[in-house]
There are 2 protein chains.
Amino acid sequence: MQDLNLFVIFARVVESGSFAEAARKMRISRSAVSKAISKLEKSLGAQLLNRSTRVLSLTEAGTVLAEHSAHILDEAEQAERVVNSLQAEPRGMLKVSASVAFGTLHVAPALADFLSRYPEIRIDLTITDRPVDLIGEGYDVIIRVTNEPDLNLVARKLAPVRRKLCATPQYFEKNGVPQTPEDLIKHNCLDYTLSGEQGYWNFTGPEGVIAVPVSGTLRINDDDALSQAVLGGLGIALLPTFTVGKDLQSGKLQAVLSEYIPVERYVYACYLPSRHVPAKVRSFIEFLLMRIGTIPYWDQDA
Amino acid sequence: MQDLNLFVIFARVVESGSFAEAARKMRISRSAVSKAISKLEKSLGAQLLNRSTRVLSLTEAGTVLAEHSAHILDEAEQAERVVNSLQAEPRGMLKVSASVAFGTLHVAPALADFLSRYPEIRIDLTITDRPVDLIGEGYDVIIRVTNEPDLNLVARKLAPVRRKLCATPQYFEKNGVPQTPEDLIKHNCLDYTLSGEQGYWNFTGPEGVIAVPVSGTLRINDDDALSQAVLGGLGIALLPTFTVGKDLQSGKLQAVLSEYIPVERYVYACYLPSRHVPAKVRSFIEFLLMRIGTIPYWDQDA
DNA sequence: CGCATTGTCAACTCATAGGAAACAATATAA
DNA sequence: TTATATTGTTTCCTATGAGTTGACAATGCG
């Protein structure tokens, strides 16, 4: 394969009409240009330029090569421009993955705003709780709720996820209100599949950290569905305020043992570590940060 | 400006789907590929490929760049092919310059044969006796009759040009037949403008080289026109056999002092010195050589 | 006839392209 | 699970060759 840089030099010479002029434009010496052309001619096995000290003229081979070289130069400059623009301006396709509950309740509703703010961005949002392969599937950003994000990723903490022990008033009427964490053992504790240690709920209370063994008749891998189950009066669960904030306000759910704080989880926006984060990713994360804030809107008056 | 060779490596990686595979195809080491991509990403300021040891995926910037790179690669390969073909096969435009008399009488008539033998060649023939700038005007070949061709050019000797002292029988009847070169002084000697020393005709005779001072009433810069003048009975001239061969045979002209040989001139095909002579030029010169041969057809029975 | 500028060449220098080897990550096979 | 092979990366090293400088001859201009 040819050394394409020679094509570039050749194109410059042709458009300049002289070696010296081309050399000045490219800020290299005349001899460098001379050697480049000679090398190109040698490697192609064809004379490209007939030259005396004063006059240059293209051979037929030179003429066709000049055309191709100009195209190449063009294409390269264009490529450089579009990549730069893609990098510097928020535009293009943004592939996002978000977990089911949070994605549905808070990411998806926010996208309209985001897209109208950045009209050149398009979004491909995948809602799933399954672990995704950022590299293989080509995601720009994934939004996950977890207490310990993947160490191989850049994880931007968007907001804390506060959780509360909730059930319906009806449930408490029937089964009593637990006064201490230990009382939970007597209750139907609905569990979130992906939470840390199975079978235990951990709290930080007045006495420090405690682990309460719990058991229940239902386990779901989605916070929103879990909330629905609790709303149906099935039992008690540790529910994030981002799903049940309204229900707590409206009284459809009731929180108990509020002085015992479950291990805090966070909403993270994660992306691949790279020195070169495209503008679309930066602006998306900044938008989310602004939208969700340090004290998320669903917690503001909870 | 970018290093276009990095684009090529990038394109190869994309089409291969892996650094290692691309490295093997290009017969360089994996580390070379790795470094090339890193350098490209750095210089563009954008991530192009997301990669783990096992899986590669293009970023958006990478996707657009891949497209452009593929185009560039394509264009380069195409350019290489067409230049090679132009070099190796007799095809394309052949710019030829020929002197008026010889060009008209012998080059132009031969072209039909040549072009039918090489159907992919087209010819741009310029008939002129004016000295031409091979480089500036972009001629591939010039055909000239001279005794000393330009030393800066490659001059292929096609055929000797024999000249004879000619006049019409009528002229000799009226003015007498010169018996010795010195007798020429008494004749109307028509001169060819571009011949060596003005006012003298040089011969190699039995006594060695002699220079005869001559004078006449006409001087023309074209052998054919000069012949026409002689045919009109105006005087004596040194005429090349390639213009008056037929007239000598038919008796319309008569040659005298044949034992005195004028300085021999030659038909040359000249082209610019270069290691890389295109096939079209080579085949043209070979064709002329074959056609005109060492003993030209107009001399064969003269 | 200077004078300036051209393309080329030879000699030299230094950056850097590329290889080798070791490494961590990861997929596949046993 | 463990073992193995392969991936992309990194460090270190070296030879190549790209580019400079400073000549040169050729050439056009005033």
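Protein chains get the first letters and strands the later ones, always in sequence-line order, with residue 1 at the start of each. These figures come from a predicted structure and were not determined experimentally.
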Return each pair, listed once, that meets salt bridge (Lys or Arg N to Asp or Glu O under 4.0 Å) where at least one residue sits in residues 83-97 of chain A; pairs must be two or more places apart or across chains. A/Arg91-A/Glu120
Which atom names give the shortest non-hydrogen contact between A/Asn84 and B/Leu44, and what distance separates them? OD1-O, 3.4 Å
Could you note down all residue pairs passing salt bridge (Lys or Arg N to Asp or Glu O under 4.0 Å) where residues 26-50 of chain B supplies at least one of them, sequence neighbours left out? B/Glu41-B/Arg51
If I take atom CG in residue B/Asn50 and atom P in nucleotide D/dT9, what distance separates them, rounded to the nearest angstrom? 11 Å
Length of the line joining A/Arg24:CZ and C/dT5:P, which is rounded to integer Å: 9 Å
For the pair made of CZ in B/Phe19 and P in C/dA25, what is the distance, rounded to whole Å? 18 Å
For the helix from C/dC1-D/dG30 to C/dA30-D/dT1, how many degrees between its two end axes (five pairs per end), to the nearest 10°? 40°
Inter- and intrachain pairs under salt bridge (Lys or Arg N to Asp or Glu O under 4.0 Å), touching residues 76-88 of chain B, at least two apart: B/Arg12-B/Glu77
How long is the line joining CD1 of A/Ile135 and P of D/dT7, in whole Å? 16 Å
Mind checking what makes side-chain contact (heavy atoms from CB on, under 4.5 Å) contact with B/Ser29, not counting sequence neighbours? B/Ser31, B/Ala32
Any N/O pairs under 3.5 Å between the protein and nucleotides 26-30 of chain C? List them or say none.
from, atom 1, to, atom 2, distance (Å)
C/dT26, O4', B/Thr53, OG1, 3.0

Contacts satisfying salt bridge (Lys or Arg N to Asp or Glu O under 4.0 Å) that involve residues 52-73 of chain A (not counting sequence neighbours) are A/Glu60-B/Lys280
In whole angstrom, give the distance that lies between atom CG of A/Leu4 and atom P of C/dA17. 15 Å
If you look at every strand shown and take non-hydrogen atoms under 4.0 Å, does B/Ser18 touch a base, only sugar-phosphate, or nothing? sugar-phosphate
Across all chains, not counting sequence neighbours, the ring pair (Phe, Tyr, Trp, His ring centres under 6.0 Å) partners of A/Tyr118 are A/Phe114
With sequence neighbours excluded, what pairs up with B/Glu21 under the side-chain contact (heavy atoms from CB on, under 4.5 Å) test? B/Ser16, B/Ser18, B/Arg24, B/Lys25
In this structure, how many angstroms lie between the P atom of C/dC9 and the NZ atom of A/Lys42, rounded? 12 Å
Protein heavy-atom contacts under 4.0 Å, written 5' to 3' over nucleotides 15-20 of chain D as B (base), S (sugar-phosphate only) or - (none), form the string ---SBB
Taking only residues two or more places apart in sequence or in another chain, which ones pass side-chain contact (heavy atoms from CB on, under 4.5 Å) with A/Val55? A/Ser52, B/Asp133, B/Ile135
Pairs meeting criterion ring-ring contact (aromatic ring centres under 6.0 Å, His included) with involvement of residues 3-44 of chain A, two or more places apart: none
Mind listing the closest non-hydrogen atom pair of A/Asp150 and A/Asn152 along with its distance? OD1-N, 2.8 Å
Atom CG of A/Leu56 and atom P of C/dT6: how far apart are they, to the nearest Å? 11 Å
